[in-house]
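Quick caveat: nothing in here was measured; it's all calculated off a predicted structure.
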Amino acid sequence: MKIFITGGLGFVGTGLTALLLRKGHRVTVIERNPRSKPAPPEGVSVVEADATRPGPWQDVLAGHDAVVNLAGVSIFSRWSKEKKDGIFNSRILITRNVADAIPAKKKGGVTLISASAVGYYGFRGDETLTETDAPGDDFLARVCRDWEAEAQKAAQHGTRVAICRFGVILGRNGGAMDILTRIFRLRLGNRLGRGRQWFSWIHEDDLAAALLFVLEKKSLSGPVNCTAPEPVTNRELTRSLNRALGTFPLVPPAPGFALKTVLGEFGSFLLKGQRAVPRRLEEAGFTFRYPRIREALDAILSPNPRG
């Protein structure tokens, strides 16, 4: 297949692109400033353009069999008004332009896999969340709801649309692990608040494999939770990461009021969470390589990663 990826040179896109190439697919990525990113693998076509704006890149996209839409501003920082605008607008505008570029009723059909997040569900305590659950009403839930709605517009002209709701992605070269390992190696890694909040996560290799699985599984459309089957509490994550690193915290647990003071609304996000599970992936036959947090962390932190 010819596959077009937004965010293809980012943390998730890099792993997915490498997997697609190994499987014999042809890959095109779009990047606003590709020279600021590591060089793409041999055989990857790069389109230099701003996907938040319509342009000739959409004609390039139209010549592909599938699109994987991963682009969006990171949520991991204090949420100022400007930051929240960036989080929202990057996702909505890029997804809108992607959906507009997909040709209607193309022979053989087109698949759009568009990222979203388990933040869609809002904060629901200990409730186990599957793809049939309703959205929440906090900032991230509203972002995800509108983000998904833009992607679903492509279905109106015959495109198969799958919405992949990501948990927190754990991997070697970016994402949450970069921040977590630095904190824990400084002996500052302790639970946040009471540590009871749920942490839905996925290993980067399982996420790339899940995206390929959804791409090839023509019967899958609509929302798909891309999370490991065993979410953990913040307390369990803290204990497992300290064990994997051979560290122990020299600081007490971070009180909730302090996180909210320092990080504002993002601090509140860290003190809550979602207990999402990948019901549709598992029902469709997907097998996780890293279903449990301990083996995922051991694989990421091992000096000799498995191939």
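- No continuous path of hydrophobic side-chain contacts links F139 to Y121 [ILVMFWY only; heavy atoms under 4.5 Å].
- Of the inter-residue distances, the one linking R289 atom CZ with T287 atom OG1 reads 12.5 Å to the nearest 0.5 angstrom.
- The shortest side-chain heavy-atom distance between N225 and L281 does not fall under the 4.5 Å cut-off.
- Side chains of N97 and I94 form no contact here, defined as non-hydrogen atoms less than 4.5 Å apart.
- Between the side chain of E31 and the backbone N or O of G8, no donor-acceptor pair lies under 3.5 Å.
- Side-chain contact between I3 and T17 is absent, with no heavy-atom pair separated by less than 4.5 Å.
- Side chain of R275 to main chain of P231: no donor-acceptor pair is present (N/O by atom type, distance under 3.5 Å, no hydrogens or angles).
- For the pair T6 (side chain) and L70 (backbone), a donor-acceptor distance under 3.5 Å is present.
- When every heavy atom of G10 is checked against every heavy atom of T14, the shortest pair comes out as O-OG1, 2.7 Å.
- Side-chain N or O atoms of W201 include one that pairs as donor or acceptor with a backbone N or O of E230 at under 3.5 Å.
- Using a 30° and 60° split on the angle between ring planes, F4 and H64 fall in the perpendicular class, above 60°.
- A distance of 12.0 Å separates CD1 in I169 from CG in D205, rounded to the nearest 0.5 Å.
- In plain terms, the two heavy atoms of V73 and G86 that are nearest each other are CG2-O, 3.7 Å.
- Residues A154 and A99 come closest through the heavy atom pair CB-CB, 4.1 Å.
- Nearest approach of I202 to G167, heavy atoms of both residues: CG2-O, 4.5 Å.
- Using a 4.5 Å heavy-atom threshold, the side chains of S302 and R172 count as touching.
- The line from CG of L297 to OH of Y290 is 11.5 Å long, rounded to the nearest 0.5 Å.
- Inter-residue side-chain proximity for F199 and N234 is flagged as unmet; no heavy-atom pair is nearer than 4.5 Å.
- Taking the side chain as every heavy atom from C-beta outward, D65 and T111 never approach each other to under 4.5 Å.
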Report the C-alpha separation of E48 and R35 in whole Å, then their side-chain angles, then the decisive distance to 0.1 Å, and conclude whether the side chain to side chain contact (heavy atoms under 4.5 Å, CB included) test is met.
CA-CA 10 Å; E48 185 172 354; R35 286 169 293 280; 2.7 Å; yes

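- Using modelled atom types, one finds a donor on one side chain and an acceptor on the other under 3.5 Å when comparing T52 with D50.
- Here R243 pairs with D298 in a salt bridge; the nearest charged N to carboxylate O distance falls below 4.0 Å.
- The side-chain heavy atoms of V12 and L211, taken from C-beta on, include a pair separated by under 4.5 Å.
- With respect to K81 and D85, a salt bridge is recorded, a charged nitrogen being found less than 4.0 Å from a carboxylate O.
- R280 places a side-chain N or O within 3.5 Å of a backbone atom of S221 that can act as its donor or acceptor partner.
- Side-chain contact between W57 and T28: absent, with no pair of heavy atoms (C-beta onward) separated by less than 4.5 Å.
- Q58 places a side-chain N or O within donor-acceptor distance of the main-chain N or O of G55, the cut-off being under 3.5 Å.
- Here E131 does not pair with R165 in a salt bridge; the nearest charged N to carboxylate O distance is not below 4.0 Å.
- Connection of I87 to F123 is established within a shared hydrophobic cluster, with ILVMFWY side chains joined at heavy-atom distances below 4.5 Å, either directly or through further cluster members.
- For R160 (side chain) and S219 (main-chain N/O), no donor-acceptor pair under 3.5 Å exists by modelled atom type.
- Side chains of W147 and S116: a donor-acceptor N/O pair is absent below 3.5 angstrom, by distance only.
- Follow the hydrophobic side-chain contacts under 4.5 Å out from V47 and you never reach L20; the two are in separate clusters.
- Between the NZ atom of K83 and the OG atom of S74 there is a distance of 5.0 Å, given to the nearest 0.5 Å.
- Counted within 6.0 Å of CZ on R124, heavy atoms from surrounding residues, nucleotides or ligands total more than 12; the atom is thus considered enclosed.
- Dense packing is recorded around CZ of R142, with more than 12 heavy atoms of other residues, nucleotides or ligands lying under 6.0 Å away.
- At most 12 non-hydrogen atoms from other residues, nucleotides or ligands lie less than 6.0 angstrom from CZ of R53.
- Here the closest heavy-atom approach between residue V161 and residue A155 is recorded as CG2-N, 3.7 Å.
- Rounding to the nearest 0.5 angstrom, the gap separating the NZ atom in K23 from the CG atom in L21 is 12.0 Å.
- Under the 4.5 Å side-chain heavy-atom criterion for ILVMFWY residues, a single connected hydrophobic cluster contains both V232 and L301.
- Linking Ile, Leu, Val, Met, Phe, Trp and Tyr residues whenever their side-chain heavy atoms come within less than 4.5 Å places L212 and F288 in a single cluster.
- With rounding to the nearest 0.5 angstrom, the CD atom of E204 is 11.5 Å from the CG atom of L19.
- Heavy-atom minimum distance, L220 versus A284: CD1-CB, 4.1 Å.
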ask   = Given I293 and L170, is the side chain to side chain contact (heavy atoms under 4.5 Å, CB included) satisfied, shown in steps?
value = CA-CA 10 Å; I293 193 70; L170 302 180; 3.7 Å; yes

